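Remember, predicted model here, so these are calculated numbers, not experimental data. Numbered from 1 within each chain, the chains take letters A, B, ... in sequence-line order.
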Protein chains: 2
Amino acid sequence: MAEGGGSDSLLFLTDEQLKKGIEAMFFAYRGFTADPDRILENYAYGRAHHRAIHFINRSPETTVNNLLSILGVTKQSLNRVLRRLIDDGLVESRVGKRDKRERHLVLTPKGAALEAELSEAQRIRMRAAFRTVGPDAVAGFRQVLEAMMDTDMRHHFSLLKDSE
Amino acid sequence: MAEGGGSDSLLFLTDEQLKKGIEAMFFAYRGFTADPDRILENYAYGRAHHRAIHFINRSPETTVNNLLSILGVTKQSLNRVLRRLIDDGLVESRVGKRDKRERHLVLTPKGAALEAELSEAQRIRMRAAFRTVGPDAVAGFRQVLEAMMDTDMRHHFSLLKDSE
DNA sequence: GATTTTATGTCAGCCTTGTTGACTTTCCAA
DNA sequence: TTGGAAAGTCAACAAGGCTGACATAAAATC
């Protein structure tokens with residue numbers, strides 16, 4: 001009874017528990033992206049487009065550079081995605097007023113519509129999960145995820161409007 | 001005070017809270033994969049190889065078909081990955097004894113060594129996160145993730161050895 | 001015993017999304 | 001006025017998804 005980690009309160013740190021956490025992340029992330037992925041297929045967009053749309057919606061008038069640091073990809077990679085979203089009329093690229101080298105990105109009504117469709121699908125799943133497990137579990141979920149982020153990403157994360 | 005969702009216990013279901021959950025998943029998953037990704041670079045392998053190695057280690061002697069259903073990719077895609085792991089001597093493919101059509105996959109010592117290196121890196125991050133937040137938060141984390149999975153994936157998830 | 005189904009492997013070709021490198025244009029700021 | 005930052009673009013490449021077609025062996029079924 002008193003073998004292994006010793007105290008019951010440390011059982012959650014056994015390698016088996018950690019492994020379960022790892023697999024939970026893997027399977028849950030698949031579920032997490034499944035619904036948007038299905039929607040994106042109808043528009044022939046991919047996850048990269050979804051990510052761009054999401055973060056432009058979160059921070060309207062954000063610059064390309066800022067988006068790059070959030071998404072962690074090269075400008076060439078982002079540019080290809082952004083190019084198409086702009087050409088398709090989902091994103092507007094506004095020349096900066098103070099600094100005219102900067103481009104400020106905003107969603108057009110068409111872009112906002114797709115964003116709403118995607119995020120609604122994702123929220124439905126998350127709402128169902130949250131409702132199933134209750135507020136305490138949700139608080140724990142958020143704490144673990146935040147602790148698992150890279151520190152620089154944690155900074156981006158805390159910038160959301162409703163931050164606590 | 002009594003506006004919005006009404007009761008305090010439902011605040012975790014506001015769209016803003018759900019959005020924070022969505023972003024938390026995005027940033028945390030990036031952190032979650034960052035350490036293995038760095039290791040894989042040294043061997044010129046990708047995440048696909050990591051996933052295959054992980055699930056072969058979890059269920060030794062698993063068949064190709066079983067692995068396909070867990071990973072959710074096409075056999076052509078998996079075959080390319082598996083081919084290289086076998087050629088490189090990380091995975092052994094054994095002809096089935098009862099059914100000779102089946103191939104049973106096991107890690108070689110070399111494969112097990114890489115698996116250990118990868119999963120140790122991932123466990124270190126998860127252990128740090130778990131330790132930071134404590135057992136109750138970890139329980140909540142696992143509950144939310146499980147609730148967020150697709151049901152068929154939840155089935156694969158519960159098959160782990162230490163299942164509760 | 002012949003036929004069908006299942007499990008696997010493989011070839012070819014396509015797409016998305018990541019990468020590096022090189023180069024240009026614009027334009028702020030020292 | 002000039003250096004360097006911000007942005008855009010072209011080209012080429014790789015990983016890892018996908019589809020479709022086809023081959024083989026063995027099991028299962030008729």
Side-chain angles (χ1 to χ4, degrees), chain A residues 26 29-30 33-34 36-56 61-88 91-106, chain B residues 26 29-30 33-34 36-56 61-88 91-106:
Chain A
F26 173 73
Y29 198 78
R30 283 253 301 263
T33 54
D37 283 353
R38 268 187 292 272
I39 293 168
L40 290 159
E41 260 180 32
N42 305 331
Y43 299 88
Y45 290 134
R47 264 185 217 178
H49 301 92
H50 183 189
R51 290 194 284 265
I53 288 172
H54 174 96
F55 285 106
I56 293 170
E61 302 278 356
T62 187
T63 62
V64 172
N65 244 5
N66 183 45
L67 206 49
L68 281 176
S69 82
I70 291 175
L71 296 175
V73 298
T74 58
K75 64 171 179 174
Q76 293 91 331
S77 202
L78 176 59
N79 191 255
R80 181 171 35 202
V81 166
L82 233 34
R83 184 77 270 133
R84 228 191 109 197
L85 292 175
I86 292 170
D87 289 348
D88 291 357
V91 168
E92 192 192 331
S93 172
R94 297 182 184 157
V95 174
K97 283 177 188 165
R98 281 190 358 193
D99 187 335
K100 291 177 192 166
R101 289 167 305 180
E102 291 179 344
R103 298 302 133 95
H104 297 267
L105 305 168
V106 284
Chain B
F26 173 74
Y29 198 78
R30 283 254 300 264
T33 55
D37 283 353
R38 268 188 292 273
I39 293 168
L40 289 160
E41 259 180 33
N42 305 330
Y43 299 87
Y45 290 134
R47 266 183 216 176
H49 302 92
H50 184 190
R51 290 193 285 265
I53 288 172
H54 174 96
F55 285 106
I56 293 171
E61 301 280 355
T62 188
T63 62
V64 172
N65 245 1
N66 183 44
L67 205 50
L68 280 176
S69 83
I70 289 174
L71 296 174
V73 297
T74 59
K75 63 171 181 172
Q76 293 92 331
S77 206
L78 176 58
N79 190 255
R80 182 170 35 200
V81 167
L82 230 37
R83 185 77 271 134
R84 229 192 108 196
L85 292 175
I86 292 169
D87 289 349
D88 291 358
V91 168
E92 191 192 332
S93 170
R94 296 179 183 160
V95 173
K97 284 175 186 167
R98 281 189 359 194
D99 187 333
K100 291 178 192 165
R101 290 170 306 180
E102 292 178 342
R103 299 301 134 92
H104 296 268
L105 305 168
V106 285

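Distance B:Arg30 CZ to C:dG18 C1': 13 Å, rounded to the nearest Å. Between B:Glu102 atom CD and C:dT8 atom P there is a gap of 6 Å when expressed in whole angstrom units. The separation between A:Asp99 atom CG and D:dA7 atom C1' is 10 Å, rounded to whole Å. Rounded to a whole Å, the CZ atom of A:Arg103 is 18 Å from the P atom of D:dA5. Note: NZ (B:Lys97) to P (D:dA26) measures 17 Å, nearest angstrom. B:Leu67 places its CG atom 15 Å from the P atom of C:dA7, with the value rounded to the nearest Å. Rounded to an integer number of Å, the gap from B:Leu78 CG to D:dC18 P is 10 Å. A straight line from CG of A:Leu68 to C1' of D:dA7 spans 10 Å, rounded to a whole angstrom.
Listed pair B:His49 / D:dG16 meets the phosphate criterion, a side-chain N or O lying under 4.0 Å from OP1 or OP2. Under 4.0 angstrom from either OP1 or OP2 of C:dT6 there lies no side-chain N or O belonging to B:Asn65.
The shortest heavy-atom contact between A:Val81 and A:His49 is CG1-CD2, 3.6 Å.
In this view, B:Tyr29 satisfies the side chain to side chain donor-acceptor pair (under 3.5 Å) rule with no residue, not counting sequence neighbours.
In this structure, B:Arg98 reaches the sugar-phosphate backbone alone: every heavy-atom distance under 4.0 Å involves primed, P, OP1 or OP2 atoms, never a base. Residue A:Arg83 is in sugar-phosphate contact alone, with no base atom involved, counting any heavy-atom pair closer than 4.0 Å across all strands shown. As judged by a 4.0 angstrom heavy-atom cut-off over every strand, B:His104 is placed among residues making no nucleic acid contact. At a threshold of 4.0 angstrom between heavy atoms, the contacts of B:Arg47 are confined to the sugar-phosphate backbone, with no base atom among them. No engagement by B:Arg84 is indicated, since no non-hydrogen atom pair under 4.0 Å with the nucleic acid exists.
Donor-acceptor pairing under 3.5 Å is lacking for the side chains of B:Asp88 and B:Tyr43.
Residue B:Gln76 places no side-chain atom within donor-acceptor reach of the base of C:dG13, judged by atom type and a 3.5 Å distance cut-off alone.
A distance-only check finds a donor-acceptor pair linking the side chain of A:Arg30 to the backbone of B:Leu71 [under 3.5 Å].
Nucleotides of DNA chain C nearest to A:Ala48 and A:Lys75 differ in position, and the one nearer the 5' end is that of A:Ala48. Comparing A:Arg101 and B:Ser93 against DNA chain C, the residue whose closest nucleotide sits nearer the 5' end is B:Ser93.
Here the rule is salt bridge (Lys or Arg N to Asp or Glu O under 4.0 Å) with B:Glu61, and of B:Arg103, B:Lys97, B:Arg94, B:Arg98 only B:Arg94 fits it.
Listed nucleotides: C:dT8, D:dT19, C:dG18. Nearest to the side chain of B:Thr74: D:dT19. Comparing C:dG18, C:dT10, C:dC27 by their closest approach to the side chain of B:Asn79 singles out C:dT10.
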